Novice: 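Below is the structure I would like to discuss, written out as structure tokens.
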Amino acid sequence: MSATPESDATPILRQREGDIVTVVLNRPEKLNAFTIDSWRLLGDTFLELDADDSVRCVLLRGAGEKAFSPGNDISEFETARSNKRQAIEYGAVMRRTIEAIANCRHPVVAQIHGICVGGGMEIASLADIRICGESSRFGVPIKNLGLVMSYSELAPLVRLVGPSAALQVLLEGTIFDAREALRLGVVTRVAPDDQVAAEAQAAARRIADGAPLVARWHKKFVRNLVSDKTLTDADRDEAFDCFDTEDFRTGYQAFLAKAKPQFNAR
């Protein structure tokens, strides 16, 4: 896997192998805790990837295997989030990043090792597929910090687990295990700790081997269905645009020939 020319000191790394891009939360000495620079750069990264038609899947993970992320770096609060004005400015950066990940056209797979709490769980919840290890731990114990989860941060969690489970997570503030995360819908799959990377990479490969235009349409259609959007006739007819694509011709011709399709459309 080849890395981009970015320094290992950057809080967000990009690595690319063909049509799969791995985005790494890269503060292992802090268990990949977020700073405002981390949030800003993560948003920049996803906006750039969204515009790249050659990308077919994004794999999102934390550096190392101790943690995906424990959330925001508390040591930054005194300087960057000590009052409402600063918090609003910080929140705007977070919102931009959350929306960039949520609106990414390409499928996103979260590879979750170890700790995934607070803002880390918020970020992971934005992925389309979320694979964790058996020893992973989850939760949003911000009630102990006197903090409220903003609307932008809360929305992905509510969409994933529903309002009742979201309130349970927030009001009790407990840390729960992978089995409970799977039950609640916080993750989609649990693997043995030493197989998380292989499971996530295999999922990304299966996605990338499929028709890229179809993957983007499916993401868009699911978003439309769970939003408050009223579907128009044009929206409904868009589901048949695939019949005029190279992806469709490649797919059905390969099926008839009993061959593996090689999709080239972007």
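Please read all numbers here as calculations on a predicted model, not as lab measurements. Numbering of residues begins at 1 and proceeds along the displayed sequence.
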Novice: Distance check, rounded to the nearest 0.5 Å: Asp194 atom CG versus His113 atom NE2?
Specialist: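 Asp194 CG to His113 NE2: 10.5 Å, rounded to 0.5 Å.
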Novice: Measuring from Ser150:OG to Ile98:CD1, what's the distance to the nearest 0.5 Å?
Specialist: 6.0 Å
Novice: Identify the heavy atoms of Leu31 and Ala67 that sit nearest to each other, and give their distance.
Specialist: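 It is O-CB, 3.5 Å.
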Novice: Quick one: closest heavy-atom pair of Leu160 and Ser125, and the distance?
Specialist: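 Of all heavy-atom pairs spanning Leu160 and Ser125, the closest is CD1-CB, 3.3 Å.
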Novice: Is any side-chain heavy atom of Leu47 less than 4.5 Å from a side-chain heavy atom of Arg96?
Specialist: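 They are in contact (side-chain heavy atoms under 4.5 Å apart), so the answer is yes.
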Novice: Roughly how far apart are Ser152 OG and Met94 CE, rounded to 0.5 Å?
Specialist: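 Result: 8.5 Å between the selected atoms.
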Novice: Taking everything shown except Lys260 itself, do over 12 heavy atoms lie less than 6.0 Å from its NZ?
Specialist: no
Novice: In terms of heavy-atom contacts, does CG of Asn83 have more than 12 from other residues, nucleotides or ligands at under 6.0 Å?
Specialist: yes
Novice: Could you give the distance from CG (Asn32) to CD1 (Ile123), rounded to the nearest 0.5 Å?
Specialist: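 If we round to the nearest 0.5 Å, Asn32:CG and Ile123:CD1 are 12.5 Å apart.
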Novice: When you compare the side chain of Asp53 with that of Arg216, does any pair of heavy atoms fall below 4.5 Å?
Specialist: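 Yes; the side chains approach each other to less than 4.5 Å.
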Novice: I'd like to know if the side chain of Ser136 and the backbone of Gly133 have a donor-acceptor N/O pair within less than 3.5 Å.
Specialist: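 Looks like yes, one N/O pair under 3.5 Å.
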Novice: Could you tell me whether the side chain of Glu153 and the main chain of Met149 form a donor-acceptor pair under 3.5 Å?
Specialist: no
Novice: So do Asp128 and Ile207 actually touch side chain to side chain, heavy atoms under 4.5 Å?
Specialist: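 No, side chains not in contact.
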Novice: Is there a side chain to side chain contact (heavy atoms under 4.5 Å, CB included) between Ile112 and Val196 once you walk through the steps?
Specialist: CA-CA 7 Å; Ile112 303 168; Val196 174; 5.7 Å; no
Novice: Could you tell me whether Arg223 atom CZ has more than 12 heavy atoms of other residues or ligands within 6.0 Å of it?
Specialist: yes
Novice: Quick check: closest heavy atoms across Cys116 and Ala124, and the distance to 0.1 Å?
Specialist: SG-CB, 3.8 Å
Novice: Could you check whether Asp19 pairs with Arg205 (Lys NZ or Arg NE/NH1/NH2 to Asp/Glu carboxylate O, under 4.0 Å)?
Specialist: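 Here Asp19 pairs with Arg205 in a salt bridge, since their nearest N and O are under 4.0 Å apart.
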Novice: Please round to the nearest 0.5 Å and tell me the distance separating atom CG of Leu41 and atom OG1 of Thr35.
Specialist: 9.0 Å
Novice: Determine the sole option in Arg61, Arg189, Arg130 for which the salt bridge (charged side-chain N to carboxylate O under 4.0 Å, His left out) test with Glu199 is passed.
Specialist: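 Exactly one pass, corresponding to Arg189.
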Novice: Taking atom CD as the centre, does Glu29 end up with more than 12 heavy-atom neighbours from other residues, nucleotides or ligands that are less than 6.0 angstrom away?
Specialist: yes
Novice: Can you find a heavy atom in the side chain of Leu60 that is under 4.5 Å from one in the side chain of Gln111?
Specialist: no
Novice: Measure the shortest side-chain to side-chain distance between Glu238 and Lys220 over non-hydrogen atoms and say whether it is less than 4.5 angstrom.
Specialist: yes
Novice: Before accepting this row, confirm whether a basic side-chain N of the pair Arg40/Asp44 lies closer than 4.0 Å to the acidic partner's carboxylate O.
Specialist: no
Novice: Can you hop from Val222 to Val186 via hydrophobic side chains spaced under 4.5 Å?
Specialist: no
Novice: For Asp235 and Thr232, test the side chains for any donor-to-acceptor distance below 3.5 angstrom and give the result as yes or no.
Specialist: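 Yes, side-chain donor-acceptor contact under 3.5 Å.
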Novice: Which atom names give the shortest non-hydrogen contact between His106 and Asp50, and what distance separates them?
Specialist: NE2-O, 3.5 Å
Novice: With the side chain counted from C-beta on, respond yes when Glu76 and Tyr90 share a heavy-atom pair under 4.5 Å apart, and no when they do not.
Specialist: yes
Novice: Please determine whether residues Val214 and Val109 belong to a single hydrophobic cluster, defined as Ile, Leu, Val, Met, Phe, Trp and Tyr linked transitively by side-chain heavy-atom distances below 4.5 Å.
Specialist: no
Novice: Identify the two heavy atoms, one from Phe263 and one from Asp247, that lie closest to each other, and give their separation to 0.1 Å.
Specialist: CE2-O, 3.1 Å
Novice: In the single-linkage hydrophobic clustering (I, L, V, M, F, W, Y; side-chain heavy atoms under 4.5 Å), do Leu170 and Val117 co-cluster?
Specialist: no
Novice: Hey, quick one: are Ile131 and Ile115 part of the same hydrophobic cluster, counting side-chain heavy atoms closer than 4.5 Å, chains of contacts allowed?
Specialist: no
Novice: State whether Glu246 and Arg249 are salt-bridged, where the test is any N-O pair (Lys NZ or Arg NE/NH1/NH2 against Asp/Glu carboxylate O) under 4.0 Å.
Specialist: no
Novice: For the residue pair Ser38 and Arg27, establish whether any side-chain heavy-atom pair is separated by less than 4.5 Å.
Specialist: yes
Novice: Could you walk me through whether Glu48 and Arg14 pass the side chain to side chain contact (heavy atoms under 4.5 Å, CB included) test, one step at a time?
Specialist: CA-CA 11 Å; Glu48 291 170 10; Arg14 266 182 292 181; 2.9 Å; yes
Novice: If we count only N and O atoms by modelled type, under 3.5 Å, do the side chains of Asp73 and Ser75 hold a donor and an acceptor together?
Specialist: yes
Novice: Leu25 versus Phe68: any side-chain heavy-atom pair under 4.5 Å?
Specialist: yes
Novice: Should Ile20 and Ile101 be regarded as members of a common hydrophobic cluster, given that ILVMFWY residues are connected when their side-chain heavy atoms come within less than 4.5 Å of each other, either directly or indirectly?
Specialist: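 No, Ile20 does not connect to Ile101 through the hydrophobic network.
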Novice: Could you tell me the separation between the CD1 atom of Ile175 and the CZ atom of Arg137, rounded to the nearest 0.5 Å?
Specialist: 9.5 Å
Novice: With no hydrogens and no angle check, is any side-chain donor or acceptor of Lys219 less than 3.5 Å from a backbone partner on Cys104?
Specialist: yes
Novice: Would you call the rings of Tyr252 and Phe248 parallel, tilted or perpendicular, where under 30° means parallel and over 60° means perpendicular?
Specialist: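 Answer is tilted, since the angle falls between 30° and 60°.
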Novice: Thr10 and Asn26: which non-hydrogen atoms are nearest, and at how many Å?
Specialist: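 That closest heavy-atom pairing would be O-ND2, 2.9 Å.
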